[in-house]
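In what follows, a single structure is set out as structure tokens and then discussed.
Lettering follows sequence order; numbering is per chain, from 1. All values below were derived from every heavy atom in this structure, side-chain atoms included, with hydrogens, water molecules and symmetry-related copies excluded.
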Amino acid sequence: MRIACPFCGERENGEFTYLGDAAPKRPNFVVDGGESPERIEDAFYDYVYLRDNLAGVMREYWYHGGGCRSWLVAERNTVTHEFIAVTAAPGAGAASAMRAGE
Amino acid sequence: MSGYSQSEPLARTAPIEANVRKGAKPASQSHRLPGDGIIDRRSPLQFSFDGKTMTGFAGDTLASALVANGVKLVGRSFKYHRPRGIVTAGSEEPSALVEMRTGARREPNTRATTQELYDGLIANSQNRWPSLRRDLMSINQLFAPIFVAGFYYKTFMWPARFWEAIYEPMIRRAAGLGKSAELPDPDHYDKAWAHCDVLVVGAGPAGLSAALAAGRAGSRVILVEEDSLIGGRLLSDGGEIDGLDAREWLRRATRELVSLPNVRIMTRTALFGVYDGGTYAALERVSDNVAMPDRHQVRQRIWRIVARRSVVTAGAIERPIVFSGNDRPGVMMASAVRTYVNRFAALPGKRVALFTNNDDGWRTVETIERAGAHVVAVIDPRHEVPVQYQRLVDTYDLRVLAGVVSDVKGGVDGVRSIVVTNGKNGLTQRIDTDCLAVSGGWNPNVGLSCFHRGKPIWREDIAAFVPGNAPKGMATAGAANGELSLGACLRDGHSAGARAAAECGAVGKPGEASKADDEAYSITPLWHVKGKGKAFVDFQHDVTASDVTLAQREGFESVEHLKRYTTLGMATDQGKTSNINGLAIMAEASGRTIPETGTTIYRPPYAPVAIGAFAGHHRDENFHATRLTPSHHWAARHGAVFVDTGLWKRAQWYPRAGEKDWLESVTREVLAVRNGVGFCDVSTLGKVDVRGADAGAFLDRVYINAFSSLAVGKARYGLMLREDGIVMDDGTTSRLAEDHYFLTTTTAKAGPVMQHLEFCRQVLFPELDVQLTSATDQWAQLSIAGPNARKLLQALVDPSEDLTNEGFPFMGVREVQLRGGVTARLFRISFSGEMAFEISVPARYGAAMAENLMIAGKPYGVTPYGTEALGVMRIEKGHVAGPELNGTTTADDLGLGKMMSKKKDFIGRVMAGREALTAPNRQVVVGIKPVDRARRLRSGAHVIPKGAIPGPQTDQGYVTSVCFSPMLDQWIGLGLVERGRERTGEIVGIHDPLRTEDYEAEICSPVFYDPEGVRQRG
Ligand SMILES: [Zn+2]
């Protein structure tokens, strides 16, 4: 299996670590911001534990630990193992300050 | 046609480096033909089979040399110990398996048909006792009924103890293949990568055509061939190509391929796996053709080949016909007979009978007759001689019988006669022969194209499966694609090669396809001749036709059930010659068609691969990488005993002369630290440089406690959770500047924490301005601990540095100048509980730092200490480590719940608040000391209420860490105990089922020594 890292090019899968579904987003909340603790806990429960197990194209997190140490978001077909697209996580690569134009 | 006279090598790697013994007299090769063949008669080679010395020539395989020496019997079969001979001339061989070499290099189940001959080769037959000719185990044949399909499941249903005592030893001795070496493998194996545009698998006519087309077009081509020579069936069957004799065409094609710099030919290299994304695996047998590898040479090499396109031209395998006695030595595939005669000038029989149901088998007639032997009969069930072979009948005065071979008579020396049954009237006649050549048709090699669950497609006209949906990027061509004539192979290979090259963007011209005749091919399927004796489907696993029909009667109709119930196709040859016959017989028995019956799933490896090859160089001390601390060699010189912690080697203790055991050394080291000063290399802790305007905010989110409020020049202990609320790791983090922190992790979690921090930075909080750099290997970090630590350090730093409590208080951090000019980082932190400093110098100064500490510390009796003393002191101080940070504990379980900030969100905060993680009856960290002060406490022992009966209902936790405490003069420990903090002073039961010990212990505070922490603030 080969994975095309946007920074390093196509590399062997042994350089990468799989994390899983990239769909869940970490809930954002303000401490003591008035939101009900139950709702916050439910949102975290979903985020931490609930995953879809698709037969087909999925967006997944992969980590290029054997290369540039970037977190990547890969679109992969879980049936054929085909990688359709690999993009960098929002904060991968250059520092956010540089992205901000500094 | 006759074979070739071969005077120059066909491929670059072809010459065999034979070590010809001077003066050795070639023994009589009774069945060696005088004519041609691709062997080098100037290079005679001596070899031994079952202790008997024989001679062959360079270019022989072990099988062809045995044929040339008239050897028919080469082994005994798996279950019934029936005499077996050589069936094929290729890697599909099911029968001629031998034990190659001796001692540490002994390898069982080597196919004699692929083993190249070398001078001094030693091979032995398998499965015979006491000798091949007089095998007492062949009595198994008489007990055949107990060895039928499913016998493992049926016969041994009696009391279980019978299995161990009687059946298993009996079966293991009676049935089984050869013995492997019992010594470590002395050879080296290698793994390598190769990349190309077009990978061509198999160098027969189709593969050569494909490689030529793609190579001319300009693609980077790799052509792999499992044989030592390229040419495939051209080496055995010849023919005429572009008006040239096949051998001349082959020479020209080879020359052209070799001249193309973009084409790489890899012989002795068998493709065995097809993986995702155009990755292929092949085994190169680098040194199997010599007695032992050259110095620094590997025995075998696994290639992982990345190819944008592949063309599988792996040919076809001739299929046996199932009839009574079809396994006798001397019954051989017709194509193999032609290979032995034409390629190796070795004659399998002098009076050959031919049994064929297809036109291709008829080629054998001319081969045998031109070799000066005689075809005694051609048996063809089709009642008509193929038009193109009509002339042979007259030329050689052939006896052609319309019928089938229904039995084979013979003994250990092989076939003596065959019984032919007339297809029309059922009358039988006996024909004397010493070799029966059989052709049941050709099975295209669909295996590689089916490794991704491709389903092969049945083609009625050739009565065989052809590739179905091949993996992405793979094309099949030639005989592997069901094209069985030479002309079609050349065309098909050329167009597949040209297409693959074009798909890779090659713009050159692929040239013209070479031309040859399209020989007519017709076949009338014949799977099984019903008869009385045993008719074998799977020679290697001794599966007979009646085993298959029995499986059908007992309901195992699915091919996957058939395979497992009868073990058909499960031997080392993976059923290359048997699977299709087995399922055809099943189809017939169950009244279904062959495509309805289907095939079993094809899986890699295509051919057996030694485990050593998969391991490559990753064995023994190279099994994984080894990391050495900066002071490693210094510690080794000072006699350290090392311990593996992950990839690291760490000094465990430093024994001194006269010390009787590790405990004495460790106790001395602890007392030296507590009473004077010692130092320890702690460079293995993970180190991360954290920089950026938002570095503090970032750390606030990953740690449960606050770091943005940490003053510059200070260090703080931090604890991080997983998002599910369980503790992930701990360590001290220092603030070196407003936007610069230096974070440490535990040794074990350095990698996972780095990965987690990068996830937080890149995925969860990309808006933060922060950058992370792993600095574990950049710094040598040494802990200097003990009441004299400051005095020792003062001797090493510039005199202007103020290390007093006022100038450099507990938890202080700063850069210091060392005498001599090196700048170091100094941390006033303590793991031992003593006054302690950790000093960081660039890694290259680590050993010098240790040496200077030794010299400067002499007046204070400085003592280097290892991880054991470190562990003793942390348990005495109640500091948690790996055994307590075990992936099930919360911050509160560790007694660190108060560190959790209430003011901010952090990873794990919400889930840590869950009911189960905050339940009052959780097991929490406590101190434990045996009531009997002389008793040794053991980690892993269970904690139960005093006087309770041990069991799951009374279990309340366990002992996590133990040590002998020199300060308390007894064994102490930490443990995780239900409601432990409320139970200080309680006497509990300790139950150790592993060591069958039961004793009592007292629950106490985990901080055994200096609970007020006075000493570290010293
Ligand atoms: Zn990368």
Side-chain angles (χ1 to χ4, degrees), chain A residues 1-4 10-14 16-17 19-20 22 24-33 35 37-45 47-49 61-66 68-73 76-77 79-83 88-100 102, chain B residues 191 193 195 275-279 304 306-308 452-453 469 471-473 691-695 698 700-701 722-726 739 751-752 754-774 901-915:
Chain A
M1 193 186 278
R2 312 277 295 170
I3 301 172
E10 193 186 274
R11 309 292 302 170
E12 190 236 349
N13 69 332
F16 298 82
T17 313
L19 183 72
K25 295 279 171 272
R26 188 173 193 271
N28 211 351
F29 73 101
V30 180
V31 173
D32 300 328
E35 234 179 309
E38 289 74 28
R39 276 195 48 188
I40 295 170
E41 198 171 298
D42 283 352
F44 267 92
Y45 173 78
Y47 169 65
V48 173
Y49 292 113
Y61 287 125
W62 289 76
Y63 178 58
H64 197 190
C68 61
R69 281 210 327 257
S70 290
W71 277 93
L72 308 172
V73 180
R76 186 177 70 100
N77 188 320
V79 178
T80 63
H81 304 168
E82 189 183 357
F83 283 82
S96 54
M98 284 169 68
R99 283 196 308 279
E102 215 173 275
Chain B
K191 282 188 264 192
W193 285 93
H195 298 256
Y275 304 96
D276 292 315
T279 308
R304 281 178 283 181
V306 180
R308 297 167 70 191
H452 290 190
R453 293 288 172 102
N469 44 334
K472 206 174 171 186
R691 290 187 194 229
D694 297 324
F698 176 76
D700 283 349
R701 298 193 196 183
R722 310 190 307 217
E723 193 69 273
D724 65 0
I726 297 293
D739 59 352
M754 189 69 199
Q755 180 173 342
H756 169 71
L757 294 176
E758 289 287 11
F759 184 77
C760 294
R761 181 183 78 81
Q762 298 178 30
V763 177
L764 300 183
F765 316 122
E767 71 281 5
L768 296 181
D769 176 10
V770 60
Q771 286 296 303
L772 307 170
T773 308
S774 169
S901 168
K902 299 239 177 336
K903 291 185 224 137
K904 55 159 188 151
D905 180 25
F906 54 84
I907 301 282
R909 172 191 166 119
V910 173
M911 298 309 272
R914 283 181 291 164
E915 207 178 333

Query raised in the report: Short question: side chain of Gln762(B), backbone of Trp71(A) - any donor-acceptor pair under 3.5 Å?
Result: yes

Report task. Given side chain to side chain contact (heavy atoms under 4.5 Å, CB included), test Val31(A) with Arg909(B) step by step and report yes or no. Result -> CA-CA 10 Å; Val31(A) 173; Arg909(B) 172 191 166 119; 3.7 Å; yes

Query raised in the report: Do the side chains of Arg304(B) and Glu12(A) get nearer than 4.5 Å, heavy atoms only?
Result: yes

**Report entry** Approximate separation, where rounding is to 0.5 Å, of Arg69(A) CZ and Met754(B) CE
**Finding:** 3.5 Å

Query - Ser70(A) versus chain B, the contacting section by heavy-atom distance below 4.5 Å - result: both

Requested in this report: Name the region of Lys472(B), side chain, backbone, both or neither, that has any atom closer than 4.5 Å to a heavy atom of chain A.
Outcome: side chain

**Report entry** Heavy-atom pair of closest approach, residues Val48(A) and Met911(B)
**Finding:** CG2-CG, 4.1 Å

Requested in this report: Measure distances from Ile907(B) to the heavy atoms of chain A and classify the residue's part below 4.5 Å as side chain, backbone, both or neither.
Outcome: both

Query raised in the report: In Å, rounded to the nearest 0.5 Å, how long is the span from CD of Gln755(B) to CG of Leu19(A)?
Result: 7.5 Å

Query raised in the report: Counting N and O atoms only, with roles assigned by atom type, does the side chain of Arg26(A) sit under 3.5 Å from a partner on the main chain of Glu723(B), one being a donor and the other an acceptor?
Result: no

Query raised in the report: Which distance, rounded to the nearest 0.5 Å, do you find between the CG of Asn13(A) and the OG1 of Thr279(B)?
Result: 7.5 Å

Query raised in the report: Roughly how far apart are His195(B) NE2 and Arg2(A) CZ, rounded to 0.5 Å?
Result: 5.0 Å

Report task. Report the residues that fulfil ring-ring contact (aromatic ring centres under 6.0 Å, His included) with Tyr61(A), sequence neighbours left out, ordered by chain and then residue number. Result -> Phe759(B)

Query raised in the report: Which bit of Glu82(A) is near chain B, if near means a heavy-atom gap under 4.5 Å: side chain, backbone, both or neither?
Result: side chain

Report task. Could you walk me through whether Tyr49(A) and Asp724(B) pass side chain to side chain contact (heavy atoms under 4.5 Å, CB included), step by step? Result -> CA-CA 9 Å; Tyr49(A) 292 113; Asp724(B) 65 0; 3.6 Å; yes

Query raised in the report: Can you tell which of Phe44(A), Tyr47(A), Tyr45(A) makes a side-chain contact (heavy atoms from CB on, under 4.5 Å) with Val910(B)?
Result: Phe44(A)

Requested in this report: Answer with side chain, backbone, both or neither: which region of Ile3(A) has an atom nearer than 4.5 Å to a non-hydrogen atom of chain B?
Outcome: neither

**Report entry** Contacting region of Arg453(B) [heavy-atom separation from chain A under 4.5 Å]
**Finding:** neither

Requested in this report: Return the minimal non-hydrogen interatomic distance between Pro90(A) and Val763(B), and the atom names on each side.
Outcome: CG-O, 4.5 Å

